[in-house]
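What follows is a single structure, written as structure tokens, with notes after it.
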Amino acid sequence: MNNKMNNTEKKKKFHLGKIIVQFITEKRLFIILLVVGLCAVSGLCFFNVATRETVASFSIDEFEIGMIADRNIIADKSLPPDIDNPVAIEQGEKIIKKGFPITEEGFNKLKKIAESPIYMDYRAFANSILYLLLLAVIWCLLYASPTLGRTIEFKEALIEVIFFLLTYGLAIYGRKSPVFAASYYLPIILPSAFCIFLVAILFGQLSAYFFAFLLALGVFNASNYDIIPALFTLVTSIAATRIVRNIYRRIDMVFVSLLLSVMNVVFVVLVKVMFNSDLTELLPLFAGLAFNGFISGILALGFLTPLELLLNTASVFRLMDLSDLNNPLMRRMLLTASGTYNHSMMVATLAENACRVIGANPLVARVGAYYHDIGKMDQAEYFVENQQTGINKHNDINPSLSVSVIRSHVKKGVEKAVQMRLPKQIVDIISEHHGNSLIAYFYGEAKKKDPSVAPEDFSYTGTPPTTKESAVVMLADTVEAACRTLENPTMPRLDKFIQQLLNGKVEHHQLDNCPLTFRDITLIKESFVQLLGGYYHNRIEYPDQKDPDTVKSEKNDHADADKEEDTLGDKTMEEVRNNV
């Protein structure tokens, strides 16, 4: 019995060890980044503490001659007299005594200790390291998949670590500079708004909000726990995140910069009033903070394009560039696969509107829909939307080969997208827009010839959608294609038919990996019905409108008259009369 228990415990330990090893292997880049980042910020922290005038973890500014000491301070090391401080200090000497006034000699000795490079306040350094370790833990919790709502990419973590080190280092430098040492002047050199602009545009609003909170905590530590710079960093970062939320043009960044400049000035006025601070000499402070807000937006605009290309992110500006239908790929699709092009336009309209209704990213869905079928261009004639009436290439080949051609467009589309360096979100939509669903028509044709065929051989080889945008594009693609075959597409018939299509996707587990709820699916259906109902609405018949076949028949009946008119067409009226 004991042997069985020991074996069970060994298996559990082995399994746990295996999980740990697998986690370290998968997250090794993040772990290395975390270690390097902590080492770098610890170095900055060491410099900050080593150059700070403190005595036993207390600033020299807290002491003055004549005040009653509230603590005992004993010298840890001996210091000889020098030119600047001619007093001598012996190891173990009591510099000040609790409950007694601080003498001039005692204060000079305190100042000598504070300015001495051999006196390192290790307690203050240890406190800062513990603070930064706690900050790292908070960072990991905020950017975990359940909290962030997605898996963070290494490039995002790398950029944020670099931005954090930049802001932390400048806060330390500013605190030691005589120009920016004051609480209200330190924010002038902090690049927090610049960093937040880039994080918000490149990686999204939620990531920027989390980073704003972490950046404020970092500035709080770097500024010797001064609340004013930390509060300024938090408020301006949140404001910067908010005001770039609905911009779609690069030129808008100029207006955003001006708006942030005004907000910086308003914020410092409010804080000075709240803290009852001195309101004199405000002009240099206002000018500095306004310049900080303006230059942050302008620098972010300048760095944005190279970072977009280097990191290959789906920023709003990059997506707007990709949504330009005049680019060479979309023009080629229009010429070589016009049916696919029109289908993609309709899918984009459906997906964009549905994403807007459920709170997903409509721009990602629209661009993903534009490019989701780019793999069809090389063999456009094999897809029904590009075929002429009565001409079907699949009539000449067996169903197995037809399926190979049909599902190859997903792989080819992904290859083209990678070659074009499209953002990962768009590549994922291309690879997931059919999931691993069954190609029902050719499976049915093959089953007529061989009842033993396996459904797996007639299914797409991709993975089901993992994001809301990808799932919406899949549903829009299915609905748009299927509704073309619906006879008499009235609103009630469209509603019922689309509901059947969506139910089919749910039943075949194509929506299991994405965060869509049943409420989202209902809203998506209503959005599809509304748009398609308007697209397929009935039109009145004009009084003089004729059937094209009837018009063709009438033209044949009057063919002789037309020929006669053609013979007379080049003659004048006088020539006709003479001939008569």
Side-chain angles (χ1 to χ4, degrees), residues 31-63 69-79 82 84-85 89-96 98 107 109-141 160-178 180-183 186-187 189-192 213-231 233-234:
I31 294 173
I32 293 172
L33 179 63
L34 180 63
V35 172
V36 171
L38 281 174
C39 290
V41 77
S42 297
L44 292 172
C45 181
F46 181 85
F47 169 78
N48 185 29
V49 175
T51 56
R52 188 189 305 169
E53 293 185 350
T54 57
V55 181
S57 301
F58 299 99
S59 173
I60 188 65
D61 296 334
E62 298 182 20
F63 303 96
D70 59 350
R71 71 207 70 166
N72 293 320
I73 294 182
I74 300 174
D76 294 333
K77 299 176 182 179
S78 299
L79 293 175
D82 53 38
D84 295 328
N85 291 300
I89 298 175
E90 297 293 332
Q91 183 177 3
E93 178 184 355
K94 184 175 287 188
I95 307 300
I96 61 173
K98 184 178 180 180
F107 182 80
K109 289 183 177 182
L110 287 176
K111 188 176 180 182
K112 185 179 182 69
I113 291 173
E115 294 176 351
S116 174
I118 67 172
Y119 263 82
M120 171 65 184
D121 193 350
Y122 289 102
R123 179 179 172 184
F125 176 66
N127 289 341
S128 292
I129 294 299
L130 290 175
Y131 181 94
L132 293 171
L133 286 173
L134 178 61
L135 192 59
V137 172
I138 296 174
W139 197 318
C140 294
L141 292 176
E160 292 188 359
V161 168
I162 293 173
F163 285 165
F164 184 87
L165 291 173
L166 174 65
T167 306
Y168 189 86
L170 284 175
I172 290 175
Y173 165 77
R175 196 66 178 179
K176 299 183 183 305
S177 169
F180 303 107
S183 298
L186 179 59
I189 63 169
L190 294 182
S192 52
F213 175 70
L214 295 167
L215 210 56
L217 292 178
V219 169
F220 186 56
N221 176 257
S223 61
N224 301 337
Y225 305 102
D226 190 345
I227 190 63
I228 301 299
L231 189 60
T233 299
L234 180 63

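Treat the numbers as computed from the prediction; the structure is a model and nothing was measured.
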task: For Arg175 and Asn48, run side chain to side chain contact (heavy atoms under 4.5 Å, CB included): C-alpha distance rounded to whole Å, both residues' side-chain angles, the deciding distance at 0.1 Å, then the answer.
output: CA-CA 9 Å; Arg175 196 66 178 179; Asn48 185 29; 5.7 Å; no
So, taking the atom named [atom1] in [X] and the one named [atom2] in [Y], what distance separates them when rounded to the nearest 0.5 Å?
{"X": "Tyr131", "Y": "Leu217", "atom1": "OH", "atom2": "CG", "answer": "4.5 Å"}
{"X": "Ser128", "Y": "Leu133", "atom1": "OG", "atom2": "CG", "answer": "11.0 Å"}
{"X": "Leu132", "Y": "Asn127", "atom1": "CG", "atom2": "CG", "answer": "11.0 Å"}

Distance-only donor-acceptor pairs under 3.5 Å for side chains of residues 160-167, two or more places apart:
residue, atom, partner, partner atom, Å
Glu160, OE1, Tyr143, OH, 3.0
Glu160, OE2, Tyr143, OH, 3.3
Glu160, OE2, Ser207, OG, 2.9
Thr167, OG1, Phe163, O, 3.0

Residues passing the side-chain contact (heavy atoms from CB on, under 4.5 Å) test with Ala136, sequence neighbours excluded, are Leu34, Leu38
Hits for side-chain contact (heavy atoms from CB on, under 4.5 Å) against Leu234, two or more places apart or cross-chain, chain-then-number order -> Ala216, Ile238
Which heavy atom in Val219 sits nearest to a heavy atom in Leu190, and how many Å separate them?
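Heavy atoms only, the tightest pair is CG1-CD1, 3.9 Å.
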Correct closest heavy-atom pair for Ile172 and Ala222 would be CG1-CB, 3.8 Å
Notebook entry, point to check: Between Tyr168 (side chain) and Cys45 (backbone), is there a donor-acceptor pair under 3.5 Å?
Noted result: no
| task | Indicate yes or no for a side-chain donor-acceptor contact from Ser177 to the backbone of Tyr173 under 3.5 Å, with no hydrogens or angles considered. | result | no
| said: For Phe220, give me all partners under ring-ring contact (aromatic ring centres under 6.0 Å, His included), at least two apart in sequence or on another chain. | reply: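 ring-ring contact (aromatic ring centres under 6.0 Å, His included) check on Phe220 returns Tyr225.
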Trace of the side chain to side chain contact (heavy atoms under 4.5 Å, CB included) decision for Leu186 with Ser223 | CA-CA 9 Å; Leu186 179 59; Ser223 61; 3.7 Å; yes
